[in-house]
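To start, the structure under review is shown below, and the notes come after it.
Lettering follows sequence order; numbering is per chain, from 1.
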Protein chains: 2
Amino acid sequence: MNIGEIAKRSGVARSTVSYALSGKRPVSETTRRRIQAVIDELGYQPNASAKALKEGRTRTIGLVIPPAGRRLTDMQLSFVASVVDAAARADLDVLLSPSGGEHDRSFERVVGGRRVDGVILMEIRLEDDRVTRLRRSGLPFVGIGRTDRPDEMSWVDLDYETLIARCVHHLADLGHRHVALVNRPGELLAAGYGPAHRARAGFSRAVAERGMEGVQACCADDARAGVSCVGRLLADHPGLTAVATINEAAMPGMYRAIERAGLSVPGDFSIAGVAGRHWAENLHPPLTAADVPADELGAHAVDLLVRRIADPAAAHHRLLVAPPVSLRGTTGPARPRPSADRG
Amino acid sequence: MNIGEIAKRSGVARSTVSYALSGKRPVSETTRRRIQAVIDELGYQPNASAKALKEGRTRTIGLVIPPAGRRLTDMQLSFVASVVDAAARADLDVLLSPSGGEHDRSFERVVGGRRVDGVILMEIRLEDDRVTRLRRSGLPFVGIGRTDRPDEMSWVDLDYETLIARCVHHLADLGHRHVALVNRPGELLAAGYGPAHRARAGFSRAVAERGMEGVQACCADDARAGVSCVGRLLADHPGLTAVATINEAAMPGMYRAIERAGLSVPGDFSIAGVAGRHWAENLHPPLTAADVPADELGAHAVDLLVRRIADPAAAHHRLLVAPPVSLRGTTGPARPRPSADRG
DNA sequence: TTGTACGCGTTATCAT
DNA sequence: ATGATAACGCGTACAA
């Protein structure tokens, strides 16, 4: 079913069908209705490829997500969901590209083949080849996250530095003197993943400001790693009474390790973190955490991208959010650990 | 950068460039290298729309996911992730369409505009307009889930009926005499959502076979609903000692309700369910559940779809899986409930 | 190897 | 207001 067929059956010219659909030239009501009747009958829809080829835009955006194999965290999934929803509201389709590096085939197809009008990039590193590649390509893009040159691109991001600092201050206010940061995986930190670095910085700063003792640990993104990571922290630091963390996926394991050590939360040990609201609420007990507004962030990213597509030369926009810490069930006054002789 | 430009700079015809890239006609090694040099220098990649227009295929598959607003369950997200990964391995891109009904704009764009070579459909209902629409369109498609006419399409699915029956039998073996089924939301059941209906059937059958007393409840897909649903079940049925469930998202709430009733798991009360392995393991205590192999199912769906695209006339294929129940920490011998006078 | 028609929708032009 | 015609976007594949 193509436009020529519709024209033939309606007894009009191809161009008339096109104009009837686009309204870019007046078409009499009678012919318009006749054409529409045929279209409805045959269920015609213009070929998206032909349209894209002619118009030079695809009405599709690319969403670059962390690559295969690695399991996405709840927060990342929330971003994906919110981007897809926001795009659908703007009548944009979303093409997913699970790509980590610049030379990923999927990434190259999406960026190089003009399959999309713009790209939303997730899990950005401080230095990121994909950002370089996208800038070189001239394709509009928006980061969920940012590089170490934040003024050179549009982005939305969480202020992990502030958030972790707030967690530490909250714990300090409760009397905790010895806290740990459970960070994202060491590979990510080594690869220059921004949130991991910024969480570090915020933690170090806050700990110094409050004259506390702080330890940092990296932890893989899963429950098992959370168990061993916190298990080790508890064993190595008898004075430790609290943990701050940005590692969502490890949280269930962290709870387990604390329980296995014979400690209760929040009676003997406190946890504060950064997580999506649902995730924090589903933990048991519910986690005191800065609630990440993934929905708004994703929607905002789409919004920025749509604007950038409309005017690629416009100034860059940024949005850095630092949601407040919601007090739930996992932080309480510091109490020396039962088996801790020193600390 | 288009193929004409490459041809000009290489001093050859456009078609020669095309043949040099596709290898569908011999091109002398010297010219091939000259062309390649120009391509590398300019970073040329063929325009995907033009290619799709000419070839009649997009090398893209559509993935229809549950629509906006409703939060996707962990299992649904696992399906999405596995489909995207499997597609990437096959060098296929994935276009996401968050659509519930047939008249969804996004759905129509994807199906009607020939934007994709095939479609994977999630959360299928026993009678599903989208299936009708897809069949009418002639576009190859594969279901993750199936309608009540399972022989008319290709699909992969979980055998919820068997799985829930197994959970019930497991509970019966442990001496439980009075169990409840916590199903998916009532709207889904009313809308004819297959898994909800099949879970019902499996539950009723197994309960009858073992001469048990069974109650059924629908529950929204979130923890809060889980709390109130199980809270009500516990209050209304003093003899109840176990729950079987397919409602992942409600599970954390179910745990909470049981705890609030002063019962321990699995000492006083047992839970068995159907869930992704990660989800089951992350619960506290880890859930005894049939571990849904979402990765394999998603990959298999992509595989079926690829085959269907290659040969749309081929016979339909199906895959019904019933993974075994992994015993974890939530089921134990039946024990009359502390406050239960009758039972 | 080259020239060219084709896939399909859009839009400008000239004419009615 | 509408028709007829053709150019265009870009890659592919057949005939020459």
Side-chain angles (χ1 to χ4, degrees), chain A residues 1-39 42-60 108-117 137-139, chain B residues 1-36 38-39 42-60 91 93 108-109 111-117 137:
Chain A
M1 231 18 70
N2 60 33
I3 201 172
E5 192 67 19
I6 303 297
K8 200 183 297 173
R9 303 209 191 197
S10 314
V12 299
R14 282 201 313 155
S15 50
T16 306
V17 176
S18 182
Y19 289 128
L21 285 172
S22 71
K24 295 196 177 172
R25 212 167 89 162
V27 172
S28 80
E29 190 53 27
T30 30
T31 48
R32 212 198 53 70
R33 272 217 289 275
R34 187 150 36 93
I35 291 168
Q36 192 57 52
V38 176
I39 285 175
L42 302 189
Y44 164 75
Q45 280 199 234
N47 181 310
S49 299
K51 198 162 184 165
L53 180 56
K54 173 64 187 174
E55 295 186 334
R57 62 175 171 178
T58 59
R59 295 172 188 285
T60 304
E108 281 305 323
R109 275 201 306 269
V110 167
V111 172
R114 273 151 295 178
R115 293 177 67 71
V116 298
D117 299 336
S137 79
L139 200 60
Chain B
M1 231 19 68
N2 60 33
I3 201 171
E5 191 67 19
I6 302 296
K8 200 183 297 173
R9 303 210 192 197
S10 315
V12 297
R14 288 198 305 155
S15 49
T16 307
V17 177
S18 181
Y19 287 127
L21 285 171
S22 70
K24 294 193 178 173
R25 281 253 185 113
V27 172
S28 81
E29 189 52 27
T30 32
T31 48
R32 210 198 56 70
R33 270 216 289 274
R34 187 149 36 92
I35 291 168
Q36 192 57 53
V38 176
I39 286 175
L42 302 190
Y44 164 75
Q45 280 201 230
N47 180 309
S49 299
K51 198 163 181 163
L53 178 57
K54 174 62 188 175
E55 294 186 331
R57 62 175 170 178
T58 60
R59 294 175 189 283
T60 304
D91 280 334
D93 291 313
E108 281 305 322
R109 274 201 307 269
V111 173
R114 273 150 296 178
R115 295 177 65 77
V116 298
D117 299 336
S137 78

Within-4.5 Å side-chain heavy-atom neighbours: Val12(A) and Tyr19(A): no
Side chain of Ala13(B) (C-beta onward), nearest among dG3(D), dG11(D), dT2(C): dT2(C)
Five-pair end axes of the helix from dT1(C)-dA16(D) to dT16(C)-dA1(D) and the angle they enclose, rounded to 10°: 50°
Sugar-phosphate, base or nothing in reach of Gly11(A), heavy atoms under 4.0 Å: sugar-phosphate
Any donor-acceptor N or O pair under 3.5 Å, side chains Arg115(B), Thr60(A): yes
d(CD, Glu5(A); P, dG7(C)) in whole Å: 13 Å
Touch class at under 4.0 angstrom, heavy-atom based, for Thr16(B) against every strand present: base
Non-hydrogen atoms of Val27(B) and Ala20(B) that approach each other most closely: CG2-N, 3.8 Å
CA sep, side-chain torsions, deciding dist, call: Arg32(A), Ile35(A), side chain to side chain contact (heavy atoms under 4.5 Å, CB included): CA-CA 5 Å; Arg32(A) 212 198 53 70; Ile35(A) 291 168; 5.9 Å; no
Value rounded to 0.5 Å, distance of OG1 in Thr16(B) from CZ in Arg25(B): 9.5 Å
Rounded distance (Å) that lies between atom P of dG9(D) and atom CD1 of Ile3(A): 19 Å
Phosphate OP1/OP2 of dC8(C) contacted by Asn47(A) side-chain N/O (<4.0 Å): no
Ile6(B) to Leu42(B) - nearest heavy-atom pair and separation: CD1-CD1, 4.1 Å
Value in whole Å for how far the C1' atom of dT10(C) lies from OH of Tyr44(A): 10 Å
Given DNA chain D, 5'-ward residue of the pair Thr31(A) and Met1(B), judged by closest heavy atom: Thr31(A)
Spacing of Lys54(A) atom NZ and Asn47(A) atom CG [to the nearest 0.5 Å]: 15.0 Å
Backbone of Gly4(B) reached by a side-chain donor or acceptor of Arg14(B) within 3.5 Å: no
Neighbours of DNA chain C within residues 50-58 of chain A, by heavy-atom distance under 4.0 Å: Ala50(A), Lys51(A), Lys54(A)
Heavy-atom closest contact (Arg114(B) atom, Ser49(A) atom, distance): O-OG, 4.5 Å
Quiz item: Arg14(B) side-chain donor-acceptor pair to dT2(C) base, under 3.5 Å: no
Base of dG3(C) paired with side chain of Ser15(B) (donor-acceptor, under 3.5 Å): yes
Interface residues of residues 17-30 of chain A with DNA chain C (non-hydrogen, below 4.0 angstrom): Ser18(A), Tyr19(A), Lys24(A), Arg25(A)
Any Val111(B) side-chain heavy atom under 4.5 Å of Gln45(A) side chain: no
Minimum side-chain heavy-atom gap Val38(B)-Val17(B) below 4.5 Å: no
Length of the line joining Gln45(A):CD and dC8(C):C1', which is rounded to integer Å: 15 Å
